[in-house]
Every structure is written in C-alpha cells, then in structure tokens.
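Chain letters run A, B, ... following the sequence lines, proteins first and then strands; every chain starts at 1. Values below: every heavy atom of this structure, side chains too, minus hydrogens, waters and symmetry copies.
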Protein chains: 2
Amino acid sequence: MSKASERTTLADIAQAADVPVGNIYYYFKTKDELVGAVVAAYTSDLRARLASFDRHRTPKARLKDSCVTWQMSGSLPPQYGCPMGTLCSELDKRDDDLEHAAAELLTLSVDWAEQQFRLMGRSDARDLAVALVAANQGISLLTNTLRDPELMSRESHRLDRWIDSLA
Amino acid sequence: MSKASERTTLADIAQAADVPVGNIYYYFKTKDELVGAVVAAYTSDLRARLASFDRHRTPKARLKDSCVTWQMSGSLPPQYGCPMGTLCSELDKRDDDLEHAAAELLTLSVDWAEQQFRLMGRSDARDLAVALVAANQGISLLTNTLRDPELMSRESHRLDRWIDSLA
DNA sequence: GTCTATATTTAGATAGAC
DNA sequence: GTCTATCTAAATATAGAC
C-alpha cells in the first residue's frame, strides 16, 4: 500500500519536533497519552477563545466575532485537512477515554452559541446554535477539501449578515 | 497502542464480509484498488441520486428533496461516522489518483445545487450552493459525533424553510 | 535527558493446498 | 473460487549506553 492510510505516525511527530523517535517515550508513556495531551491542549485553546468573546458587550457582536475567528483558524495550511473534522472522525471510532472527546469539543461550541442566541431573546436558540456550528464545520470541510480559502471567507460574510438579520 | 488510530483494516473488511483476509486478494490486487472501487460506487450512487431529483418540476422542489434525501443517508448507524466527512479526511491526505476523489465528490454536489439556484434566478447561486452543501456536511458531522439523529431532522426542516423563503 | 539499537505488534500482501 | 499459513514492511514500544 503506497501512501494510503496516512495517519500521523510517531516518526512523523519525531521528525517535526526534530528529535529521535525513542525520545518521545521519555515524555509520554504511550502514543495514546500523547494524543490525549494534544486533545487537552485543543480543548483549553477553544475554551480560551470562547471566553475571549466576552469582551464584546452584545451577544450579537460575540457571535459575529466567533465567525471571524473560526475563519482564521480554518485557513491553516490546507494539507492538514479540516482540523475539527479530522479530530472528530479519528476520535469517534475509539472505545476508550478519548471516544467522547470530539463530542465534548463540539458541545462546548454549541452550548456557547446557544447561550448567545438565548441572550438575544431567541426561543429557537438551540437550533440556531446547531446550525451555526454545523455551517462553520461544513465550510471548513469544503474549504480544506477544495483547497479554496475564498469559500470560507465568503461563507463567513454570509453568516455575519445572517446573524445581523436575526431579531 | 490499544485501539488508537482505528482506520479500517483489511481484517475489519474481511470480518464484515465474513470471509478470510487472504480471500480479498482474489477480487482486488491491492487495498488501494478496493478503496478505489468503494469511492467509484459512492460516486455513481451520488450521481444517480442527483439525477433522480430531475423528476421534480421546479428547482426549488429539487433542492428541498435533496435535503430530505441527505437526511436519510445521514442517519445511518452512527458508529461509522459521517460518511462523506470521513471519506474527505481520509482521501485528502493521499498523493495518488484518489487524492482528489473527495474534492470531485463535493464539487458534484455543489455544482448541482448551484445549477438549481441559478434556475431559481439567484445571481448568488454559487454562494448559496456552497452554503447548502456545507450545512448538510456540517450537520452530518454533528449528528454522528453527538449521536443525535434529531439534530439532522431539525436542521433539515430549517433548511427546507430557508429554501422556501428564497425568492 | 537524549540517543541508538532492537524488540514487539499489526497490517498489507503472497503462496499454495484444496 | 475459497481457505490457511506465512512473508514483509511499517509502526509502536522498550532497553540500555552515554
């Protein structure tokens, strides 16, 4: 099999970190432990980002800022694929502690958005939150798969106008 | 590594098909050839589905039907993950013929939807098409990751109303 | 703490009996 | 056409020198 499955190996990580492979095991007992550390870092980063939106006075401004922020984090080097989507499909198949890490990550975003729509007085806050997160995840998938950053920016603007249009 | 990376192995496929592993090589020379066959089948299935929407008289009816159809194909057994999303993140990383298969699959859907919006007289047909496909992909990811089929049906209804609201 | 060498495990692929 | 046994390659993991 030529270069088929292409999941990230310890050799890849070691090369990126410019250390020998065996060295990794001084810091992490297993590869799973390393993956867990990555997920934990990603989670704490997301929490920090969500918290940072508190600086805006209105929930509408917070939501609009979140679109822009996701847009930036989405336009990473495309060869790494849609970060959240990849994480979800990788973690989703497991049967250990990390099995639900992807779900927790998504729930974090949905709950936050729901809270903002609720503060805007929308009784359909949950549906709107789900739709917003789904739109962001979906456009991230399209942008990365089609290798076209403009898709993300155009959809971001559309979502921005959509949020503006809400009561 | 316990059950960490969890990509689909030939052993998994053989077990699902209830045949011994070696038997697979009678039908496919390599695993890549098997993956290619799966992608080809998926593509032809998508083409057939898009073609079947022609039975509706108006583009609006076609688009609305496509949401319902995607909703059904999305509520598969959740342990397999979001089908299209998984396919994209798996194929995306390759460097062979299949590298762009995921992109072609998505483009097929976007082009079709663009055509329908265009027939509706929308000058922003491309943006709407991208948004629709992204919404479907995103809600598929959420539905599968959060293991909640209701997310998909509620978002489908929302998209249905959204299409109805367009001029 | 960092490195090399090597052991272990797993997945892809082949050979050959039936 | 189907099966078992086995080979090879690659990735995870460990041992032990420095």
Side-chain angles (χ1 to χ4, degrees), chain A residues 1-43 77 79-102 105, chain B residues 1-43 77-102 105 144:
Chain A
M1 196 170 185
S2 49
K3 277 200 76 176
S5 67
E6 281 296 12
R7 42 195 244 297
T8 306
T9 69
L10 290 177
D12 297 332
I13 298 169
Q15 191 180 16
D18 201 34
V19 293
V21 272
N23 201 348
I24 295 177
Y25 286 90
Y26 179 77
Y27 298 98
F28 303 99
K29 274 195 289 295
T30 65
K31 187 184 179 182
D32 279 1
E33 199 174 285
L34 184 151
V35 174
V38 170
V39 173
Y42 196 96
T43 304
Q79 63 269 29
Y80 297 118
C82 166
M84 189 67 193
T86 304
L87 207 57
C88 285
S89 38
E90 289 292 320
L91 295 179
D92 202 36
K93 302 165 199 162
R94 304 176 51 123
D95 63 352
D96 59 4
D97 295 9
L98 258 47
E99 188 189 0
H100 298 114
L105 230 33
Chain B
M1 197 170 182
S2 49
K3 280 201 72 175
S5 67
E6 280 297 12
R7 38 195 251 296
T8 306
T9 68
L10 289 178
D12 297 332
I13 297 169
Q15 192 180 17
D18 202 33
V19 293
V21 271
N23 202 347
I24 295 175
Y25 286 92
Y26 178 75
Y27 298 97
F28 303 98
K29 275 194 290 294
T30 63
K31 186 183 179 183
D32 278 2
E33 199 175 284
L34 185 152
V35 173
V38 170
V39 173
Y42 197 97
T43 303
Q79 64 270 27
Y80 297 117
C82 166
M84 188 67 192
T86 304
L87 207 56
C88 286
S89 37
E90 290 292 319
L91 294 179
D92 202 35
K93 303 165 197 160
R94 304 176 51 125
D95 62 354
D96 58 4
D97 295 8
L98 260 46
E99 188 189 0
H100 297 114
L105 230 33
N144 282 285

Compile the donor-acceptor pairs under 3.5 Å between side chains in residues 14-30 of chain B and protein atoms, sequence neighbours left out, one pair per line.
unit_1, atom_1, unit_2, atom_2, d
Thr30(B), OG1, Asp32(B), N, 3.4
Thr30(B), OG1, Glu33(B), N, 3.1

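- Residues Val39(B) and Ala101(B) come closest through the heavy atom pair CG1-CB, 3.8 Å.
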With the criterion being N/O to N/O and under 3.5 Å, what pairs connect the protein with nucleotides 3-6 of chain C, and how long is each?
unit_1, atom_1, unit_2, atom_2, d
dC3(C), OP2, Asn23(A), ND2, 2.9

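- Atom-to-atom distance recorded for Leu105(A):CG and Cys88(A):SG is 7.0 Å, nearest 0.5 angstrom.
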Item to complete: For DNA chain C, just give me the dot-bracket, please: Watson-Crick or G-U, both distances below 3.5 Å, ( ) intra-strand, [ ] crossing earlier pairs, | paired with another strand, . unpaired.
Response: |||||||||||.||||||

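- Going from atom CG of Leu34(B) over to atom CG of Leu10(B) covers 7.0 Å, rounded to the nearest 0.5 Å.
- If you check dA13(C), dA13(D), dA11(C) against the side chain of Leu10(A), the one that comes closest is dA13(D).
- With sequence neighbours excluded, the residues satisfying side chain to side chain donor-acceptor pair (under 3.5 Å) with Thr9(B) are Asp12(B).
- Listed pair Tyr26(A) / dG1(C) meets the phosphate criterion, a side-chain N or O lying under 4.0 Å from OP1 or OP2.
- To the nearest angstrom, P of dA11(D) lies 7 Å from CG of Asp12(A).
- Between Leu34(B) atom CG and dA13(C) atom C1' there is a gap of 13 Å when expressed in whole angstrom units.
- Straight-line distance from the CD1 atom of Ile24(B) to the P atom of dA11(C): 13 Å, rounded to whole Å.
- Contact annotation: Tyr25(B) does not reach the phosphate of dT14(C) (side-chain N/O to OP1 or OP2, under 4.0 Å).
- DNA chain D is contacted by both Ala11(A) and Tyr27(B); Tyr27(B) maps to the nucleotide lying nearer its 5′ end (nearest heavy atom per residue).
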